[in-house]
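Data block below; observations after.
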Protein chains: 2
Amino acid sequence: MTSQAVKIGICGLGTVGSGTFNVLGRNAEAIAARAQSSIEVVHVGARRDNPDCDLGATRVSRDVFEVARDPDVQILVELIGGTTVAKDLVEEALRNGKHVVTANKALIAEFGNELFALAKDHQAVICYEAAVAGGIPIIKALREGLAGNRIEWLAGIINGTGNFILSEMRDKGRDFADVLAEAQALGYAEADPTFDVEGIDAAHKLVILASLAFGMPLRFSSVYTEGITRLTPQDVEYAEELGYRIKHLGVAKQSKAGIELRVHPTLIPEARLLANVNGVKNAVLVEGDAVGPTLYYGAGAGAEPTASAVVADIVDLARELSAGQSFRVPSLGFADECLNDLPVVPMAEVVTPWYLRMVAEDKPGVLSAIATIFSNEGISIEALIQKAPAEGETRVPLIVLTNRAMQGSVDKAVSAIEALDSISGEVARIRVEVLDG
Amino acid sequence: MTSQAVKIGICGLGTVGSGTFNVLGRNAEAIAARAQSSIEVVHVGARRDNPDCDLGATRVSRDVFEVARDPDVQILVELIGGTTVAKDLVEEALRNGKHVVTANKALIAEFGNELFALAKDHQAVICYEAAVAGGIPIIKALREGLAGNRIEWLAGIINGTGNFILSEMRDKGRDFADVLAEAQALGYAEADPTFDVEGIDAAHKLVILASLAFGMPLRFSSVYTEGITRLTPQDVEYAEELGYRIKHLGVAKQSKAGIELRVHPTLIPEARLLANVNGVKNAVLVEGDAVGPTLYYGAGAGAEPTASAVVADIVDLARELSAGQSFRVPSLGFADECLNDLPVVPMAEVVTPWYLRMVAEDKPGVLSAIATIFSNEGISIEALIQKAPAEGETRVPLIVLTNRAMQGSVDKAVSAIEALDSISGEVARIRVEVLDG
């Protein structure tokens, strides 16, 4: 090893912080061989110790800002989470000329644009591989590995909690609330599960992926977000009968009209690899014009998988510091002056096939009335399935699979169908993605 | 864009060469935005033009060595293939201080150690993302994205031709020779398919992956290589009945005894993503101690998927050249002085479960004789299935699935079984990998 140690400070000693400290210690020799310099944790900032983590003689401060002001620290690793203290801390570190590594998806998605600008002003960089899909090196794949491609679209299972719930609903025919309670008991879901099940966490990650894919500033407020709370075991079962699985996807797509940015439950054909990603795992499918489809799969959360991405960023920075520079890759993969604030396509104009489920009176004329409504909106039907009525029941579930249709037209058709006397209640609706490039 | 154009020379204008030229032209704007400098092809070396490629006013030499000697060329892209002229060309380029990008797996696997040393002597680098798994950025994942991990094992479908043949055998119950002929007609297999179906191409790629994963010099001559030519539709079908698919895997595994390096047909559980990678696609599953399993999937060959990886390397180099240096990542991911020539485990000592198929007389005592042989070798049996005899046939196929057993013991058991009077012919044998981390 020719160069001297790279000195880092870790702020936050929760799951990911202690995981990072432990991985750096356990794999120190291999990491130094890869980084061509050893990585030394010289300062830890944490409100309290973590019993999973033996800090030894490492300097510890209860005030994380001490780490940001420590002249010995070259790289500050922000693992405290949230967007208040974390933002102040990252800003303080950058102002002091330190590079930053963070796993904080909310911070990057909501404040990345300004933080990247601040970093540039101070000749520092912010690395955030761990912010999306945990240990899967998807940021690196988009910023570097696929740099020769025009990215056409990407679709990802980027929230492990949601995917665990959907996998359980399918495997065991259980309903949403039931599985959510189990996920909470297992520690896969938070006591307040809103961030996960309403798609906010996925939206944070999606907006980062989209900016990297298409070279646009981060636009968190533009993401359409729909959760999985209204999915029923019936939908899971009927999707299966039609040859599909339901996954909670983040989808970003480039078209002439702009960029689609959306998180929602999605039917995908069962033969696709994404359809077979189960449990808490994450996967991102990326379609490039040259490479075609590529997929990246792994653990999207957890102490050591996330630490794996944090350490990869530290090694990346250490390699650059050893080589005497640190501006090799722009923050969002494209030179700042080339970022293009592409318009986000309104959801009413987004075109996908649709799965629709409704409850209809089992009598002549109903199907024809429904078919007429679709036809009037220019929507063609791929499949229409009437299930057998339950015993003593005169109403039947009716499933419609449409061809590709603009959401605005589907909205109108659904309103007209819901207004029919022979239809009870609301029409359940789920988008379909074929994902065949 | 602040920096001046990076000037490259492309040698070889076959499928990948023309794909690279075309992708660089088509995506020039986005590539320049990502690289923070434009990429200019200043010289093409090719024995003949390619009608798929409009070279415009680009300088063309029929002698590729002209490109290696062109003082304007900063990066030489070697896409002529083979290990004779290509090796001389790369050496000449390095001696002239040029960086090299290559898609040549044979060249790297067989001569990488000496070429990397030569590059270092001349302060140049050799990039080879395209040498393994085409457009999948797996080299980058191993060298950079997973740099915090101790890699425990990896397993890959790294030959598209072989995977196409196995996928067709399974889907259509066809036999090997029949599908091979079709693959040749479709252009997926060469007229001489030896490199693909005997596993030599996969062995080239595996040895590169293993060196990157474990920090060892390239040891092509140490790879155990077994092809897919002896697989029968019966094996595919019986594997399926047992819940497995047969894939041609490259496996590299780290243990106390050293490194296992092997390419062979393998039964893998059908629920694994790798089992569901079909057709000409490639995928590599990597198990790291921190991240757990991660998988990388995409096109392993073809003009533009391979070009995608070549251009990624060019962008990587351009970013480093713009930043004023070019030694960020060591050739094999680990500092040269830290490379460790780990021993390769002899195949007789490799432990896996096994699938064995034999033809036995359908009479009392046969099963017990076989069970005794396994027991004597300390091999426990997970499943033993006797198929029904064909009409008028007194012999029956017998399938044995063993638990984990050392190959040396299995060899002895198989010899003893083949020596039984009640057994006809040879015992067919295929390793099993559970791939569950």
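Residue numbering restarts at 1 for every chain, and letters A, B, ... go by the order of the sequence lines.
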* Asked: Can B:K253 and B:E152 be counted as an ion pair, charged N to O under 4.0 angstrom?
  ->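 Result for this pair is no, no salt bridge flagged.
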* To do: Indicate yes or no for a side-chain donor-acceptor contact from A:S167 to the backbone of A:G279 under 3.5 Å, with no hydrogens or angles considered.
  =>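 Side chain of A:S167 to backbone of A:G279, a donor-acceptor pair under 3.5 Å: yes, one is there.
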* To do: Taking B:R328 for its side chain and A:L321 for its backbone only, find out whether a donor-acceptor pair lies under 3.5 Å.
  =>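 No; zero donor-acceptor contacts below 3.5 Å.
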With only heavy atoms counted, which part of [X] is less than 4.5 Å from chain A, the side chain, the backbone, both or neither?
X	value
B:A299	both
B:R26	side chain
B:E144	both

* Heavy atoms, side chains only, cut-off 4.5 Å: are A:L166 and A:R245 in contact? ->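 In short, these two side chains do not touch, never coming nearer than 4.5 Å.
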Among [options], side-chain contact (heavy atoms from CB on, under 4.5 Å) partner for [X]:
X	options	result
A:L79	A:T20, A:V101, A:T15, A:T102	A:T20
B:I314	B:V23, B:L24, B:V41, B:I10	B:L24
B:V286	B:L295, B:L212, B:V291, B:L154	B:L154

* Those residues that, when tested against A:K247, pass salt bridge (charged side-chain N to carboxylate O under 4.0 Å, His left out) (two or more places apart) ->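 If we apply the salt bridge (charged side-chain N to carboxylate O under 4.0 Å, His left out) test to A:K247, skipping adjacent residues, there are no hits.
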Identify which of [options] forms the greatest number of heavy-atom pairs closer than 4.5 Å to chain A.
options	result
B:V311, B:N149, B:D336	B:N149
B:G135, B:G215, B:G145, B:G19	B:G145
B:L146, B:L285, B:L339, B:I136	B:L146
B:P137, B:G134, B:G298	B:P137

Based on non-hydrogen pairs under 4.5 Å, which of [options] is most in contact with chain B?
options	value
A:N22, A:V315, A:N27	A:N27
A:D316, A:I31, A:T294, A:L273	A:L273
A:A312, A:G333, A:A30	A:G333

* **Region of A:D289 in contact with chain B, defined by heavy-atom distances below 4.5 Å** => both
